[in-house]
Structures are given as structure tokens and as C-alpha cells.
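Written out below as C-alpha cells is the structure these notes cover.
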Amino acid sequence: MSLLSKNYHIITYGCQMNEHDSENIAGMLEALDYSHTPNPEEADVVVMNTCSVREHADKRFFGMLGQFKKQKKNNPDFIICVCGCMPQQPHIVEEIRKSFSWVDIVFGTQTIAEFPNLLMERIRTGKKQFSIIANNEEIPEEKESKREFKHKALVNITYGCNNFCTYCIVPYTRGREKSRSLRAVKQEIINLVKDGVKEVMLLGQNVNSFRDADGNNFAALIRSLDEVEGLERIRFMTSHPKDLSDELIACFGDCKKLCHNIHLPVQSGSDEVLRRMNRHYNRQRYMEIVEKLRATCPDLSISTDIIVGFPGETEEDFLDTLSLVREVEYDSAFTFIYSPRVGTPAAKYDDQIPEKIKHDRFDRLVEDVNRCSAKKNSEYLGRIVTVLVDGPSKNDTGAWSGRTDTFKLVNFTSEEPLTEGQMVSVRITETKTFSLDGEKVDA
Ligand code: SAH
Ligand code: SF4
Ligand code: F3S
């Protein structure tokens, strides 16, 4: 970082789509000769890549925006950019215009490619720049992005969502679903492998509905990527149960590089709640999928997303969710308290659940989920697993950390120094609720 060069800092909220968009934005800024700084106070440009999936995310964002006002006062050349899912909602843009006049550039999920032009225009004219459109028909071309890890990459395969689950804002913030071509995805991954990537995470709101203009479906994509030489691991998220095909399940048996892990959001164990969420599957169908997956791939780890306190959820509905968690025995679950989002059907339902009940159900669910995670992890005690090394462990200096094929986080010791991206064998010596401990052994 030179003193003369300009610095940027990006703050990312939300899901992996946003993380990947931030990697692309970082790539654009570096192409303009900006350097990354970990300290927002040293930045000439700050980009806030926002999420709107729950109210909590909104609140954090507006709080943060307030903090930058002071920095702007001290340095009028400081440029504040807001992008991501929040500006895709007209009432948010209105609020930014009205109450946050110190924001310089606002763009959405559909106009990311415009960012370098918006920045140049803002610098040249000193005028605020807004670029938001509801839905871009074009499939964005992937540009050079700045990856967080040398050995792992996020790769978009679809954009947008057409499912309109009644609680969810994403179809309104990410536009209509579009698939990239199998050819373009494969070529990008071949290039990434040349650049040192060993593991790819294929991204989409509903990867199972991938279908390109040549008629290739998601299973065809996985089979084709399984042939990429030098690539070691393929992961994907998120998988909507309604579109999970037998063809894809078969891939877990046949494709060597496909990791033995699936994130399969269930949202609720009650058929009535699932119906009102517009999820297009019921509990029985979900359980059939889980059973088929386990029959094909016995060591498959399964994670999920669960919402509690959806409007009209009765105690009985909630108990159905608890019993489903016990029946599936998830390896892990992201649990959420239902948060009404402006513009979604469920926000208008008149049977909203009182906060106290929502929180009580949430606590009971988390307890069960954690018990399940600890139990599943305990099965690893004494096993030797293959770990892709991510780097030094975050919580213990001197230890290393990485993930198994089944996405378990492993913190482990090693007598010799290691490098990121190495594949090593680790014996598991202790298991915890959210991670495993171990020691490196010779393969
Ligand atoms: N496309 C993915 C999910 C994307 S959003 C899928 O369909 O599985 C990630 C998770 O946030 C969802 O699975 C859901 O559990 C949660 N979520 C979405 N909207 C929510 C809301 N309004 N309140 C609480 N949780 C929500
Ligand atoms: Fe939201 Fe449903 Fe689309 Fe997932 S599938 S992004 S939960 S609308
Ligand atoms: Fe949030 Fe947008 Fe992702 S609302 S969860 S950042 S798609």
C-alpha cells in the first residue's frame, strides 16, 4: 500500500452471493489502481454491500452509515458507496436520499458492472450517482475478481430467484432467475484451477433449477465439472428441495469431486406452514429426499435453514419442526426468527406471532439443533479425515484450520509448517458442537 495510492474498504453483509459480488467490486477497484485497506478510516472509498433478508441486517447497516458521516466531515473527498440488496427496494433508496445525504453512490444488484463508471463520474463531477434497475435481463459476464482464498473460489451459476417464498425479499432484490451457460462456468473454473484453486462453491439461490440455453441441467453441470483436471472439490449452495432431482442424487454416488455435504433448507417441519410459505414440498417429500441422499451417500452431512414464528405458526406446528430436526439429525442448522419484510405477502398476514413466543421457540429450537450437531460431530472421534487447509486457526495461535469433505471445521496441530490449500490427513482427538479438534498424521 503506497501513501500516494488511493485506498478502498468493503463491508459485506448477507450471503455468499454478496461476498462474491464484493470480490468482483474489489477486482474493479484494483483495476482502477485502488489498494485494499483493512481500516475503513484510512479509506478514500468505502463500499457497503448490503443485505435485506431480515430486519436486523437493515438496522446494522443504517447504524454503520451514521458512523461514516463523521469521517465525511473530516475528509470531504471520502466517497461512500451503498450497493447490494437494500437499494433494490424503493423505500430504502428514498430513505437514503432523505436521511443519509452524505452517501455518494448508490447502485443495486443488477448494475454492479456500472460501478467503475459511477465512481469516475462522481469524482469528475462531484455529483451523487444513483443506478438501480429492478431486473437486468442480461446475464452478467464474470470479471476478474479478488478472491479471499487462493485455493477456494465462489462461482455464480445462476442469478436471481423465481420462487417467491412468501416470507422472502430475495426475488425482489435479485431479479428473475437466469442461468449462465455450462460452457462459461466450466471455462471460468478451468481458469481458476490454473490460478491455484482446488475447491469451488457453485452459487445460486436455487442451484437445482439451473438450466442453460443448451438444455444442460444442474446434474449435467456437476458431471461435466467432475472432469476438470486439477479441481479437487465441488460444493454448491443453495439447494431447494422442490427441484432436487434423482439425477442429482445419483451424482453423490458417482462424482468423485462432489463433496459429501448438502445444504438443504427445510424452513419448517409443518405441512401447513410449508404450504403458506409457498415452498412446494411437504414434510414427507423432504424426508424421502433425505433418505435417498443417505442411501446413495451414507456419510453425507446435511445442514439446513429453519424459520420459527412464521405468521400463524401454532405450538403444534413448531413441535413438528422440532421432531423433524430430531428425525433428520442435521449436522448443523441456521435458525432464524421470522422477520416481516416490506412488500412480501407474509408481512401482510394478520396472524403475526408475538415476539416473546418467537424468541421462546427460537431458544428451544437452538437447543435441539446444537444437541444434534454435537451428536453428529461425536461420530468423528478417532477417525482420520482429509482436510483442505485454509490457514492458521482463528482461535488458537499455532494451530491450523480447514474443512473436511463433509464441511466440518477442523482445528488441528501439525509438527511441520503447512500452507493454505494443502490436503492433509488429520486424526480427530476431540469433538465439539461446532468444530472438531485433531492432529496431523502422515497419510
Ligand atoms: N435461496 C435460499 C435461501 C436464501 S435466504 C433457499 O431458498 O434456501 C437464506 C435463509 O434466510 C432462508 O433459507 C431462510 O431460512 C431465511 N430467511 C429468508 N427470509 C427470511 C425472513 N423474512 N425472516 C427470517 N428468515 C428469513
Ligand atoms: Fe428466498 Fe425462497 Fe428464493 Fe430462497 S427460494 S431466495 S427462500 S424466495
Ligand atoms: Fe441478503 Fe440479498 Fe443475500 S437479501 S441473503 S444479500 S441475496
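One-based numbering, in listed order, for ligands and for the atoms of each.
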So Y286 and Y281, would you call those rings parallel, tilted or perpendicular, with 30° and 60° as cut-offs?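 Taking Y281 first and then Y286, their aromatic rings sit tilted (interplane angle of 30° to 60°).
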With a cutoff of 4.0 Å, is [X] in contact with ligand 1, counting heavy atoms of the residue only?
X: V53; result: yes
X: N206; result: no
X: I337; result: yes

Under 2.8 Å: N/O/S of C161 next to atom 2 (Fe) of ligand 2: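 No N, O or S atom of C161 is closer than 2.8 Å to atom 2 (Fe) of ligand 2, so no.
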Is the distance between the ring centroids of Y338 and Y167 under 6.0 Å?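 Judged by ring-centre distance (under 6.0 Å), Y167 and Y338 do not meet the cut-off.
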Looking at ligand 1, does any of its N/O atoms fall within less than 3.5 Å of an N/O of [X]?
X: Y338; value: no
X: R54; value: yes
X: D305; value: yes

Distance to the ring centre below 6.0 angstrom and angle to the axis at most 45 degrees; does that hold for R147 and F149?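 No, R147 does not lie over the aromatic ring of F149.
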Best match, Q205, Q267, K242: closest heavy atom to atom 2 (C) of ligand 1: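 Looking at heavy atoms only, the winner is Q205.
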So, 2.8 Å as the limit: is an N/O/S atom of C15 located closer than that to atom 1 (Fe) of ligand 3?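 For C15, the answer is no, given that no N, O or S atom comes within less than 2.8 Å of atom 1 (Fe) of ligand 3.
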